[in-house]
Amino acid sequence: MDKFKCISKDEFDKLKPLAPEGSDWEKYRKHVFERMDNHELDIFVLERDSEFIAELTVNYVNHDLETETIPNVRVYLEAFRVRKNLQKQGLGQKLISFVISYLKDRGYTEFTIGVEDDNKIAKHIYFKYGFTKEIDHGEGTEFDPSSYTLYLLDLKEKH
Ligand SMILES: CC(C)(COP(=O)(O)OP(=O)(O)OC[C@H]1O[C@@H](n2cnc3c(N)ncnc32)[C@H](O)[C@@H]1OP(=O)(O)O)[C@@H](O)C(=O)NCCC(=O)NCCS
């Protein structure tokens, strides 16, 4: 059975099969662990047969653009990934729905997400979920150096 959960550092390496090819895993782990220790992020996964088949990271503190987060109001979602052989089966949408509702229950009302303009599937999902307001542009980070548009979902504006 599929299970949603927020992972701890000792489970982090189970995310490796989801990582983009060619990424420097050791460096990435060190960077994420520092941010986990500072309570700057949470990593949510969808677990099936004790494997992680989808992931989504929630950032509570800015890591690239100042518009990403507002303390206790706005969070930034990133590293949205589903195992290649399991994509286009609705799993990504299940995970993002779970995470948004989890955060909403904790009082967050604004969610940002960055996406490259040519990522049609991701953009389809984000628009469907209401990430329709373009609020910023970034050039990417060391771990994902591609330019992107930052979109906002504001639950206070949804009817
Ligand atoms: C983006 C990603 C996480 C989505 O997860 P997923 O489980 O494959 O997505 P889902 O199956 O939940 O939803 C796919 C949606 O895209 C739609 N879709 C499929 N192909 C499409 C295309 N070529 N153009 C537009 N929409 C498309 C599907 O119809 C479905 O929408 P619907 O439910 O409204 O019909 C996953 O594809 C992935 O890991 N991609 C690689 C990493 C990535 O690009 N991450 C996003 C970074 S911003």
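None of these values were measured; they are calculated from a predicted model. Both ligands and their constituent atoms are indexed starting at 1 by order of listing.
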Name the closest protein heavy atom to [atom], giving the residue it belongs to and the distance to 0.1 Å.
atom	answer
atom 24 (N) of ligand 1	Lys120 CB, 3.6 Å
atom 22 (C) of ligand 1	Ile121 CG1, 3.9 Å
atom 17 (C) of ligand 1	His124 CD2, 3.7 Å
atom 7 (O) of ligand 1	Gly92 N, 2.8 Å

Geometric cation-pi criterion, Arg106 with Tyr108: 6.0 Å, 45°:
no
For ligand 1, the portion of Tyr126 having any non-hydrogen atom under 4.0 Å away
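Side chain only.
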Can you tell which part of Ile125 has a heavy atom less than 4.0 Å from ligand 1: side chain, backbone, both or neither?
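Ile125 to ligand 1: side-chain contact only, backbone stays beyond 4.0 Å.
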Show the atoms of ligand 1 that are less than 4.0 angstrom away from any heavy atom in Lys88.
6 (P), 7 (O), 8 (O), 11 (O), 20 (N)
Pairs meeting criterion salt bridge (charged side-chain N to carboxylate O under 4.0 Å, His left out) with involvement of residues 83-93, two or more places apart:
Glu51-Arg83
Among Glu78, Lys123, Gln87, which one has a heavy atom closest to atom 38 (C) of ligand 1?
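Residue with the shortest heavy-atom distance to the ligand atom: Gln87.
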Heavy-atom nearest option to atom 15 (C) of ligand 1, drawn from Glu55, Gln93, Glu116
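The nearest heavy atom belongs to Gln93.
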Contact between Ala54 and ligand 1, counting heavy atoms under 4.0 Å?
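Heavy atoms of Ala54 never come under 4.0 Å of ligand 1.
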Hydrophobic cluster partners of Val73 (side-chain heavy atoms under 4.5 Å):
Ile70
N/O to N/O below 3.5 Å, does that happen between Leu86 and ligand 1?
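N/O-N/O distance under 3.5 Å: no.
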So, regarding Gly114 and ligand 1 (criterion: nitrogen or oxygen to nitrogen or oxygen, under 3.5 Å), is there a contact or not?
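For ligand 1, there is no N or O atom that lies under 3.5 Å from one belonging to Gly114.
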